[in-house]
Amino acid sequence: MKGYAMLGIGKTGWIEKERPACGPLDAIVRPIAISPCTSDVHTVWEGAIGERTDMILGHEAVGEVVEVGALVNDFKVGDRVIVPAITPDWSKVESQAGYSMHSGGMLAGWKFSNFKDGVFGEYFHVNEADGNLALLPDGIDPADAVMLSDMVPTGFHGVELADVQFGDSVVVIGIGPVGLMSVAAAALRGASNLYAVGSRPNCIQIAKEYGATDIINYREGDIVEQIMEKTHGKGVDRVVIAGGDNDTFIQAVQMLKPGGRIGNVNYLGGGDYVRIPRVEWGCGMGHKTVAGGLMPGGRLRMEKLVTLLQTGRLDTGKLLTHKLYGFDKAEEALMLMKDKPKDLIKPVVIL
Ligand code: NDP
Ligand code: ZN
């Protein structure tokens, strides 16, 4: 079979590989909609997870089941399924402890385009199909649904980690597709003043549509100063980080009220340390909590999140600025994600 792969750090290309084998609990899926992730860009061009050779990229897909293992109960050949980016091993102790994304070790629930071939192949392998697939409901566009693989669960997890409550003032730093889903989630959770930090005009427009009350442009001045001015020096209750770099933590701590929480879902691909400002952290006594996490995956999460699309509470279609048709467009889609033209939020390839 054909796949679009990382050949080595900084290099990508089409390769031929054996179709993956299906274990007794597993499924083999043929993609019908796929999307590249900023994490694929970090993986290839920044070497963020180290060297990988001839590894098929991609971890966001909706597909059709073409084979199931003998012990799979709930899925059959021909089912159309949503595939989460994170596919845990559900019998591991980390999963039993509630951290299935770390099943088998730190971040080890992230398998596609990390420890095994991803979804930019003519076929791909899903471990523990009963625990990791969800049926695509009739009437849901596969292109909209592919945002449930990663963008929705990740953006929403930032808001879960920050523990946004009714009436909280919230800053979302970064309004690419992940941050935009954090804006939508914070609004659903009842945020009051919802400050979105970004600069691209179309992202700003969509952030407002998802519920941002104020836009902070980080290119037009220090974001801490801008937030402090808007909050009369008080700061905010919650900060979600979905963009920026290691130094963004410093700013997040600075703009947070005592007792506040930071939820980070940004992928920190470089440097050895993340620094926290001592004084603004209350010299260690400010009750400012920093939480960071990989998105929770698995079947239940997908089944729940897709109901937000079914009930019209969430419209992921707003993210899809570039729709490409045909499997061979996987390369073009990834390059769009790498080059980030100004009008891009998220590309999707429909097969
Ligand atoms: P994008 O690159 O599309 O968006 C990044 C956002 O951050 C943009 O709005 C950008 O602004 C803004 N930004 C950039 N630099 C700064 C800065 N210095 N200060 C403030 N804002 C800044 O990324 P995605 O939305 O696709 O992904 C966001 C992050 O989430 C990535 O690091 C990705 O790897 C990670 N991720 C994490 C996952 C998880 O499970 N935890 C899963 C999937 C992704 P501008 O408008 O100028 O572009
Ligand atoms: Zn991703």
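We count ligands from 1, going down the list as the structure has it; atoms in each ligand are counted the same way. The figures here come from the full heavy-atom set of this structure, side chains too, leaving out hydrogens, waters and symmetry mates.
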### Task
Let me know which of Asp74, Thr87, Asp130 forms a side-chain hydrogen bond (donor to acceptor under 3.5 Å, both in side chains) with Arg299.
Asp74

#### Entry: Heavy-atom nearest neighbour in the protein, as seen from atom 44 (C) of ligand 1, with distance rounded to 0.1 Å
Ser39 OG, 3.5 Å

### Summary
closest protein heavy atom to atom 27 (O) of ligand 1 is Val178 CG2, 3.5 Å

### Query
Looking just at side-chain N and O atoms, do His125 and Asp117 make a donor-acceptor pair shorter than 3.5 Å?
no

### Task
Kindly confirm or rule out an N or O of Gly293 lying under 3.5 angstrom from an N or O of ligand 1.
yes

### Task
Using only heavy-atom distances, determine whether the side chains of Tyr4 and Thr12 contain a donor-acceptor pair under 3.5 Å.
yes

### Task
Could you give me the CA-CA distance, side-chain angles and deciding distance for Asp168 and Arg189, then say whether salt bridge (Lys or Arg N to Asp or Glu O under 4.0 Å) is met?
CA-CA 9 Å; Asp168 276 344; Arg189 279 261 183 125; over 6 Å; no

### Task
Specify the protein heavy atom at minimum distance from atom 31 (C) of ligand 1: its residue, its atom name, and the distance to 0.1 Å.
Asn266 OD1, 3.5 Å

### For ligand 1, the portion of Lys346 having any non-hydrogen atom under 4.0 Å away
neither

### Message
Do Trp90 and Asn132 pair up side chain to side chain, a donor and an acceptor below 3.5 Å, judged on atom types alone?
### Response
yes

### Query
Please state which protein non-hydrogen atom is closest to atom 30 (O) of ligand 1 and give its distance, to 0.1 Å?
Val265 O, 3.6 Å

### Task
Spell out, as yes or no, whether a donor-acceptor pair under 3.5 Å connects the side chain of Lys17 to the backbone of Asp54.
yes

### Query
Does any N/O atom on Arg219 come nearer than 3.5 Å to any N/O atom on ligand 1?
yes

#### Entry: Between Thr38 and Lys340: side-chain donor-acceptor atoms closer than 3.5 Å
yes

## Note on the structure
side chain to side chain contact (heavy atoms under 4.5 Å, CB included) with Leu309: of Asp315, Leu314, Asp141, only one passes, and it is Leu314

### Query
So which protein heavy atom does atom 2 (O) of ligand 1 come closest to, and at what separation?
Lys340 NZ, 2.9 Å

### Query
Looking at atom 26 (O) of ligand 1, what's its closest protein heavy atom, distance included?
Thr38 OG1, 2.5 Å

### Summary
Among Gly179, Gly174, Gly176, the residue with a heavy atom nearest to atom 7 (O) of ligand 1 is Gly174

### Query
For atom 9 (O) of ligand 1, which protein heavy atom lies nearest, and how many Å away is it?
Ile175 N, 2.8 Å

### Query
Within 45° of the six-membered ring axis of Tyr123 and under 6.0 Å from that ring's centre, is NZ or CZ of Arg30 located there?
no

### Query
To the nearest 0.1 Å, how far is atom 48 (O) of ligand 1 from its closest protein heavy atom, and which atom is that?
Arg200 NE, 2.8 Å

### Query
Ring centres of Phe120 and Trp14 under 6.0 Å apart?
no

### Message
Less than 2.8 Å away from the Zn ion (ligand 2), how many protein N/O/S atoms can be counted, ignoring water?
### Response
3

### Message
Is it the case that the side chains of Ser169 and Asp237 hold a donor-acceptor pair, with the cut-off being a distance below 3.5 Å and no angle test?
### Response
yes

### Query
Backbone, side chain, both or neither: what part of Tyr218 comes under 4.0 angstrom of ligand 1, heavy atoms only?
side chain

### Query
Is Asp150 touching ligand 1 with its side chain, its backbone, both, or neither, if touching means heavy atoms under 4.0 Å apart?
side chain

### Message
Is there a polar contact, in the sense of an N or O pair closer than 3.5 Å, between Tyr267 and ligand 1?
### Response
yes

### Message
Val197 versus ligand 1: do any nitrogen or oxygen atoms come within less than 3.5 Å of each other?
### Response
no

## Note on the structure
Between Gly176 and Arg200 the two heavy atoms that sit nearest each other are CA-NH2, 4.1 Å

### Query
Are any of the N or O atoms of Pro177 closer than 3.5 Å to those of ligand 1?
yes

### Message
Check this for me - ligand 1, Met151, N or O atoms closer than 3.5 angstrom, yes or no?
### Response
no

### Message
Counting only heavy atoms closer than 4.0 Å, does ligand 1 sit against the backbone of His157, its side chain, both, or neither?
### Response
neither

### Task
Check Thr154 against ligand 1 and report side chain, backbone, both or neither, counting heavy atoms closer than 4.0 Å.
side chain

### Message
Regarding ligand 1, does Ala242 bring an N or O atom to under 3.5 Å of one of the ligand's N or O atoms?
### Response
no

### Query
At a non-hydrogen distance cut-off of under 4.0 Å, which region of Ile86 contacts ligand 1 (side chain, backbone, both, or neither)?
neither

### Task
Could you tell me whether Ile173 and ligand 1 have an N or O pair separated by under 3.5 Å?
no

